[in-house]
Each structure stands twice: as structure tokens, then as C-alpha cells.
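I have placed the structure first, in the form of C-alpha cells, so that the comments after it can refer back to it.
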Amino acid sequence: MVIDFSKISKNDVMTAGGKGANLGEMVSAGINVPRGFVVTADEYKEFLRINGLEEIFEKELTEAGKDEVKLLKAAEKFRTLIKKGKLSENLINEVKTAYKNLGENIRVAVRSSATAEDLPDASFAGQQETYLNVRGTDETVNRIIDCYASLWGNRAVSYRANQGYNQLSVAIAVVVQTMVESEKAGVLFTLNPINNNVCEMQINASYGLGESVVSGRVTADSYIADTSGKIKHLTIGSKKTQIIYGEKDTTEVDVSREMREKPSLNEREVKELVNVGKAIEKHYGYPCDIEWAIRGGEVYILQARAITTIKDNYDDELVKSYIKNSKISKMVKKQMAFMLEKMPFAYRALDYDYMTAINNQKANIFDEAGIKINPNPQIDDDGIQTLPKDVKGINRRIFKLFKMIKMLKDYEYCARKCESFMMQYEKEISELRRLDFEKMDTDECREFLVYSLDLLQRISYDRFKYALFPSALNKDLEKVLKNADAEHTVFDLYRNLDNKTAVVSRDVENLAKEVKKSGLLKKAIISGESFETICKVFPDFKKLADEFLNKNGFKSDYNCYCIEGKTFLEDTDRLINIMKPLILQEDNKKEDAGDFSGLLAEIEKVSGRKYVEIKKRIEYFRYFHIVREESQYLWETLFYYVRKCLKRANFLLVGDEDYSVGIANLFHKELTEALKRGYLSESDKEKINRRNQKYPLAVKVWEASKALAFDVSGEVLKGVSGSKGIAIGTARLIKEPKEFYKMNKGDILVCHLTDPEWTPLFGLAGAVVADTGSALSHAAIVAREYGIPAVLGVGFATAKFKDGDRIRVDGDKGEVSKA
């Protein structure tokens with residue numbers, strides 16, 4: 001029933017739960033762990049049996065199935081029933097004996113230890129409850145029952161459901177562990193979690209019990225140390241309070257000014273923590289997240305778990321060898337935050353060529369005005385990308401610069417050009433629907449791929465030259481706005497604008513409103529049914545969804561990835577994922593970010609007779625933004641057809657349609673030559689195999705390259721102000737649309753980047769923080785529309801913060817920190 005730590009190993013997860021098994025394993029490895037014991041998971045099952053709960057749980061869970069609403073309702077019932085239950089007399093006696101062996105009336109922590117917890121592939125951290133400063137056998141017994149109930153907390157149930165764990169198969173053990181009245185405590189990561197550098201460790205430390213650091217109540221000191229224990233970087237946190245033992249519970253008290261202003265750890269303590277961290281990592285064989293405490297100069301380890309986000313750990317020196325010569329100027333650093341929104345992940349070789357076909361057009365336009373720039377990452381023959389070369393300079397065409405600027409400032413001329421090319425390209429794109437890709441031969445595939453690259457270059461060139469570049473020359477409009485109100489920015493001119501992003505967002509919201517009218521349809525979507533199944537069961541929904549797809553079906557998740565991107569038409573379940581948060585929340589109205597007609601009235605007051613001319617210029621400025629988005633939608637549509645062509649070409653050359661691991665690993669010229677030849681040469685096959693094998697390394701190198709573009713040291717992340725205002729809230733890390741369900745009203749959305757697919761989350765978010773982006777990125781535009789703060793281009797917010805952290809977003813200064 002009850003087992004001492006010394007008799008437990010890492011193989012005892014099903015008996016002691018993940019937490020208990022880890023503690024026992026560390027004791028057997030000679031790590032200094034506070035004494036304790038585990039009430040086994042079998043006793044939880046016995047508790048259910050003797051209290052007559054087994055059949056009730058099975059019946060309720062079977063009826064609930066995958067319906068999250070029903071699951072949470074059942075969980076609420078389970079918690080009530082568990083708390084009314086009683087432990088067996090035999091178990092109570094064993095707990096009392098084991099408790100007394102730890103000491104008379106000693107303080108203990110009673111920790112939940114689920115059988116699906118602290119595992120190498122999923123941490124489940126924080127899903128069940130921990131109770132601190134528990135004293136006496138009676139209180140310990142009561143807290144064991146509370147831990148049983150916490151297995152059915154809403155957060156735990158939702159987490160298991162979305163991780164695919166069988167709710168009935170999960171049991172819970174309970175750890176009872178002597179508490180260390182620590183003078184200092186915190187968390188140690190055996191690698192640098194910001195950049196995954198395995199040659200560095202990060203230590204977060206503060207005074208008192210570790211709960212202050214783990215819960216994020218204080219801004220702890222942050223140390224970066226190398227594996228010898230030498231401190232490479234130290235940021236002193238505010239450490240305003242500490243948690244200490246009270247008479248009956250823990251209590252929070254102020255820290256003196258003198259102690260706040262000095263480091264909480266000395267060099268010896270840092271070195272000792274690093275050495276313990278190395279020993280634990282060596283024993284487990286993978287990087288670990290470790291909770292520790294120090295009392296009387298002695299280091300105690302309270303918990304260790306795998307850092308589950310680390311995968312494909314190539315030798316750090318190999319990764320470094322690719323970026324050692326990468327130099328990045330201040331100017332390029334500034335550009336990278338925006339560029340990385342368009343290229344957050346490593347490209348396949350063919351994708352790289354389509355991306356540079358877009359990017360090169362900026363360089364071509366600058367070159368026409370005598371200015372040399374290089375916006376593209378470098379790529380080698382293995383398909384591994386590093387930062388762009390910092391190329392800058394002028395050529396003999398520099399004398400045409402002023403003529404170019406004069407032309408770009410002529411908004412009327414540029415608008416006419418936009419109208420002309422948009423009409424031309426819309427016609428060309430519409431004609432692609434006539435092509436039958438499934439019947440194409442190799443020559444026809446080659447002809448289409450050559451044409452697609454040419455068309456992409458033409459669309460991009462005209463888009464940049466006649467829509468984006470003119471809209472950037474807006475000093476005159478900015479001056480007018482500032483005259484009306486010093487708080488205004490040029491982005492206010494986008495208010496109430498029906499651009500493609502706004503249209504898609506509004507259409508999704510309207511679709512969600514219709515769904516809410518049917519209780520059965522709403523339940524089907526929330527429960528996770530596929531788009532295809534829902535359309536079969538609900539023909540009225542299918543009609544509405546078809547209308548949406550006819551209008552917006554070519555909108556992609558990543559609009560600058562030709563190969564890896566997916567449209568709504570290709571992945572219709574994306575539409576279900578987008579609607580879920582809107583359907584789950586009753587109130588998803590966006591804040592009023594201001595009325596455009598009211599803004600015009602303000603401008604008219606300060607403009608006098610010039611107002612007519614200014615208004616016309618503003619209308620052109622707004623039109624350029626519509627062209628910016630509509631032209632992007634054109635190339636997203638083109639990419640859809642390129643992918644259809646690649647499926648056919650891959651089938652003809654390789655024998656299947658999986659082009660991502662096939663012909664997408666050839667550069668455009670290599671692929672068109674193979675199609676002209678009609679087969680893959682041995683050289684082509686070797687390149688495909690080699691680049692496939694190197695792709696995980698390419699991902700790792702690109703992540704390391706990106707790290708050079710951001711300042712990741714210190715507690716405050718600095719980025720670009722995308723939308724003004726200040727907000728404090730709970731960080732909610734969202735990596736993909738499948739995680740949209742996690743978002744609650746008022747949460748801070750923390751993500752790599754956003755695109756139109758993410759817009760519904762802005763109606764729930766209190767603020768937005770993104771690793772990439774700029775003042776003209778999707779997140780910035782939509783955040784301003786919804787009237788919420790946004791800080792973009794901060795680099796590694798998704799590594800710095802965890803789900804549940806309290807963070808402060810300062811959209812005025814472009815800064816993010818723990819609150």
C-alpha cells in the first residue's frame with residue numbers, strides 16, 4: 001500500500017506514478033532527495049472499488065465519449081463523489097506509520113503523482129494538485145483524498161483528452177515528502193531553454209520556498225552558466241516577496257531591499273547546482289527540468305522531469321559550425337523580426353526557390369534605384385539555411401533614386417497601376433482552374449512549374465512596387481494624423497477596412513454564430529468530429545461551409561511556404577479548429593478600435609481646404625493595403641495549383657504523391673531539368689536522399705540562426721510595438737490551430753506568429769505576444785483592430801514563458817516580462 005522512496009525506481013510508474021518513480025530513481029542514484037513515501041496507484045483503484053465508484057465512472061465516461069462538455073460535467077461529479085469517500089482502515093494505518101517514521105508532526109508536501117505524468121514524451125506538469133506545509137496524520141489522509149479528486153480537475157481532464165490518453169486507464173499515486181524549510185529555491189534547466197544550447201544551463205532562483213519561482217509569483221534571479229559552473233550571464237530579479245512556513249500554512253512576506261538588490265545565489269551554490277544537474281542528466285540520459293532547494297548550504301532535489309520540448313538534438317558543435325561566420329548588423333536585425341514571420345521554419349529546397357522568387361523582387365526594385373540589398377537566407381547544397389549575407393551598397397543607378405521616390409509618392413499613378421495588374425493577374429489565376437493536373441505528362445508539369453515561378457515573380461514585383469513601397473512613404477499622412485491627435489498613427493487609417501484578413505475573420509465569426517443556433521451541431525464541433533462527418537450529418541452546415549470555401553478557400557496557414565503550406569480547401573478541419581474557441585465562448589465581441597468616419601472628421605477639422613486632397617490620398621493609402629492582401633491571396637491560390645502539379649510530377653518521377661520527401665528536395669532548376677529528361681538521374685536521387693536526411697539538421701541550424709537575431713538575455717523581452725496598451729494576464733502558449741481550445745477570455749496569446757486563421761483568438765485575447773512580426777504583420781493589424789496590446793518580434797517568447805505564467809505586455813514600449 002505504501003512504499004518508501006528507497007524501494008522505488010523509474011520503472012515503477014504504474015505503481016508510484018511519474019513523480020514518485022522519478023523521486024525513487026534519484027534516491028537510488030545517490031541524489032540528495034528529501035525523505036518520503038508513496039501511496040501506490042493500486043490504492044486509488046481500491047478506493048474507487050470500496051466506495052462503489054468504479055461502475056459510475058465507467059458509465060459516465062462511456063456516455064461522454066470525446067465530448068469535452070460532457071467530460072467536464074462528469075469530472076465535476078467525480079470530484080464531489082471522491083471527496084465524500086473514505087480510505088480503507090488498513091491504508092490509513094500504513095500512512096500513519098510511514099508518516100511517523102519521517103518525524104513527529106513533521107511538515108510534508110502531499111503531491112499528486114499520476115501514472116501519466118513526468119514522462120519523457122509528455123510532462124503533464126501541473127495538471128493535478130500539490131499541497132504544502134501539511135502537518136499531522138489526519139491532515140495528510142485528507143490531502144491524499146484531495147489528490148485523488150484532482151485527477152479529475154477540468155484542466156487535467158482536458159489535457160488528457162487532447163493528448164489522446166484514455167481517461168479510464170489513468171490512475172494516481174500520492175507522494176508524501178518531507179518539506180525542506182529552504183532559504184533559497186528555484187528551478188534548474190540542464191540546457192539553455194531559450195536557444196536549446198546544451199553547453200549552458202539556466203537557473204532561476206529566489207528566497208524562501210520554491211513555490212514562489214514555480215508559480216511565477218516573483219521575478220526570480222536568472223543565471224546562465226556553462227557546464228563547468230562558471231556564470232556567463234546574471235539578471236537580478238525583483239524578488240519582492242518570499243513564501244515561508246506559517247503556523248498552519250505557507251505565507252507570503254516581503255523581502256528586504258538589501259536582499260532584493262543582491263544575487264540570491266553565490267558562485268559556489270551555482271557551481272554545486274550545475275554539478276548536481278549534470279549528474280541527474282547523465283543518469284537519465286536526457287535534458288531535465290529540476291526543482292531544487294538550499295538549506296544550510298546543502299542542495300536538495302525536490303523533482304526532476306524531462307524537458308519534453310527538446311527533440312532532434314544534434315551535436316551542438318556541428319550546429320555552431322554552420323553559424324560561426326554568420327554576422328548580423330543592427331539593420332539586418334531589425335529586418336529579421338519581420339522576415340522571420342514569413343520564414344519561421346526551415347524550407348525544403350524547392351520551397352526556398354519559391355520564397356526567394358517573392359523576396360528577390362524587393363531587391364530588384366531597390367536595385368533599380370541604385371541600392372543593393374540581400375533579403376534572402378543563404379542555403380547550401382544540403383538544403384541547410386543560415387542568415388542572409390549583409391550585402392549593402394550603391395550602383396550607378398543611384399541617381400534614379402529621387403525619380404523613383406517621386407513616382408512612389410504619386411499615389412494616383414500607383415493606384416492605377418494596381419488596378420491594372422490586379423485585373424490581369426486575377427484573370428490569369430482564374431484560368432488555372434481549367435487545367436487537369438491529373439492528366440499532365442512530365443513536359444506539361446515542367447511548363448507549368450516554369451510558368452508558376454514567372455507568374456509569382458510578376459505578382460510580387462508589382463505588389464511591392466505599386467502597393468507596399470508607396471504605402472511606406474506616408475510621412476505626410478502621419479503629420480496630418482498627429483495634428484489631429486498626437487496619439488494617432490498611420491495604422492489608424494486601416495480602421496474598418498474590408499481587407500482580405502478582415503473579410504475572412506468576419507466570415508468565420510458569422511459561420512460560428514450560425515453554428516451556435518443548433519445545439520446538436522455545436523456539440524458535434526466541440527466534441528472533435530471531422531469536417532467531413534459534420535457535413536454529412538448537418539447538410540445546412542455543409543451549405544454554409546461551401547459558401548465560405550468558395551469565397552476564402554485558398555487562404556493558407558503559411559502564406560510564404562509554397563510546398564509546406566495548406567489552404568482551407570486542402571485541410572477543411574482547420575475551419576473546425578478556428579471556430580471552436582468562438583463557439584465555446586459566449587462573449588467574443590471585439591473591442592471598438594475606433595470608427596474610421598470619426599477619424600476623417602478629426603482630420604477634416606485640422607486640414608481646412610486641403611481636406612479633399614488629403615482624403616483622396618488616404619483612400620489610395622487604404623486601397624494599397626487591400627491590394628497588399630488580395631495580391632497575396634492570388635499567390636496563395638497559385639501555390640495551391642503548384643502543389644497539385646507537384647503531386648502529379650512526384651507520381652510520374654517517384655511513383656507516389658508524397659512530394660515533401662520527394663521532388664520538393666530538388667531546387668527548381670534541378671526539378672525542371674529532371675522533368676525535361678522524363679526521369680530522375682542517380683544524382684537527383686542522391687540529392688533527394690541526402691537533403692531528406694539533413695532536413696532535421698536544417699531545422700536545428702535555422703533555429704540557431706534565428707537566435708542571433710534576437711536579444712534573449714534578461715527577464716524582459718524586447719520587441720516591436722504592434723499595438724499600444726498595457727495588459728497583464730495568463731500566458732497561453734498556442735503552437736497550432738489544434739490548440740485553439742486552450743484559449744480563455746482575457747488570456748495572453750503567446751505564439752510563434754499568427755495569420756488570418758488565428759484571427760478568432762484575438763476576440764478572446766487580452767494581448768498578443770509573438771516571436772516574429774512587425775508593425776505591418778498580421779498580428780499587429782488585427783490587434784489594433786481589436787484594440788488589444790501586441791508586442792512582436794521578441795524572438796523566443798514561446799521558450800521563455802510557460803502556460804499559466806502571469807505576464808505583462810507593454811505595447812507602448814514593445815516589452816514583455818513576467819508579472
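Since the structure is predicted, the reported quantities are computational estimates derived from the model, not experimental observations.
Taking the charged nitrogens against the carboxylate oxygens, E291 and R305 do have a contact shorter than 4.0 Å, which makes a salt bridge. Contact check on E509 versus K513 returns no salt bridge, with no Lys/Arg side-chain nitrogen under 4.0 Å from an Asp/Glu carboxylate oxygen. A salt bridge links K517 with E514: at least one charged nitrogen is closer than 4.0 Å to a carboxylate oxygen.
Residues A114 and L151 approach most closely at CB-CD1, 4.2 Å, considering heavy atoms. Residue A293 comes nearest to L302 through the heavy atom pair CB-CD1, 4.1 Å, listed as atom of the first residue, atom of the second, then distance. Taking each heavy atom of I748 and A727 in turn, the nearest pair found is CD1-CB, 4.3 Å. Between A304 and I280, the shortest heavy-atom contact is CB-CG2, 4.1 Å. The two residues I172 and Y44 come nearest to each other via the heavy atoms O-CB, 3.2 Å.
A distance-only check finds no donor-acceptor pair linking the side chain of N204 to the backbone of V187 [under 3.5 Å]. The main-chain N or O of A185 is never found under 3.5 Å from a side-chain atom of S182 such that the two would form a donor-acceptor pair. One N or O on the side chain of R295 and one on the backbone of E181 form a donor-acceptor pair closer than 3.5 Å. Panel note: side chain R35, backbone N101; a donor-acceptor pair is recorded below 3.5 Å. With Y99 contributing its side chain and I106 its backbone, the two residues share a donor-acceptor pair below 3.5 Å. Between the side chain of D12 and the backbone N or O of A21, no donor-acceptor pair lies under 3.5 Å. N51 contributes a side-chain N or O that, together with a main-chain N or O of F47, makes up a donor-acceptor pair within less than 3.5 Å. Looking at S88, its side chain does come within 3.5 Å of a backbone N or O of L91 through a donor-acceptor pair. Looking at R79, its side chain never comes within 3.5 Å of a backbone N or O of A149 through a donor-acceptor pair. A donor-acceptor pair under 3.5 Å is formed between the side chain of T190 and the backbone N or O of C288.
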Chi angles and distances behind the side-chain hydrogen bond (donor to acceptor under 3.5 Å, both in side chains) call for S6, D4
CA-CA 5 Å; S6 61; D4 190 83; 2.7 Å; yes
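Taking the six-membered ring where tryptophan is involved, the planes of F762 and Y786 are tilted, since the angle between them lies from 30° to 60°.
Annotation: the span from I583 atom CD1 to I578 atom CD1 amounts to 11.0 Å, rounded to 0.5 Å. Atom CD of residue Q202 and atom OG of residue S222 lie 4.0 Å apart, to the nearest 0.5 angstrom. A distance of 4.5 Å separates CG in L72 from CG in N154, rounded to the nearest 0.5 Å. Taking CH2 of W152 as the reference point, atom CG of L71 lies at 8.5 Å (rounded to 0.5 Å).
For K542, the NZ atom counts as loosely surrounded, since its 6.0 Å shell holds 12 or fewer non-hydrogen atoms of other residues, nucleotides or ligands.
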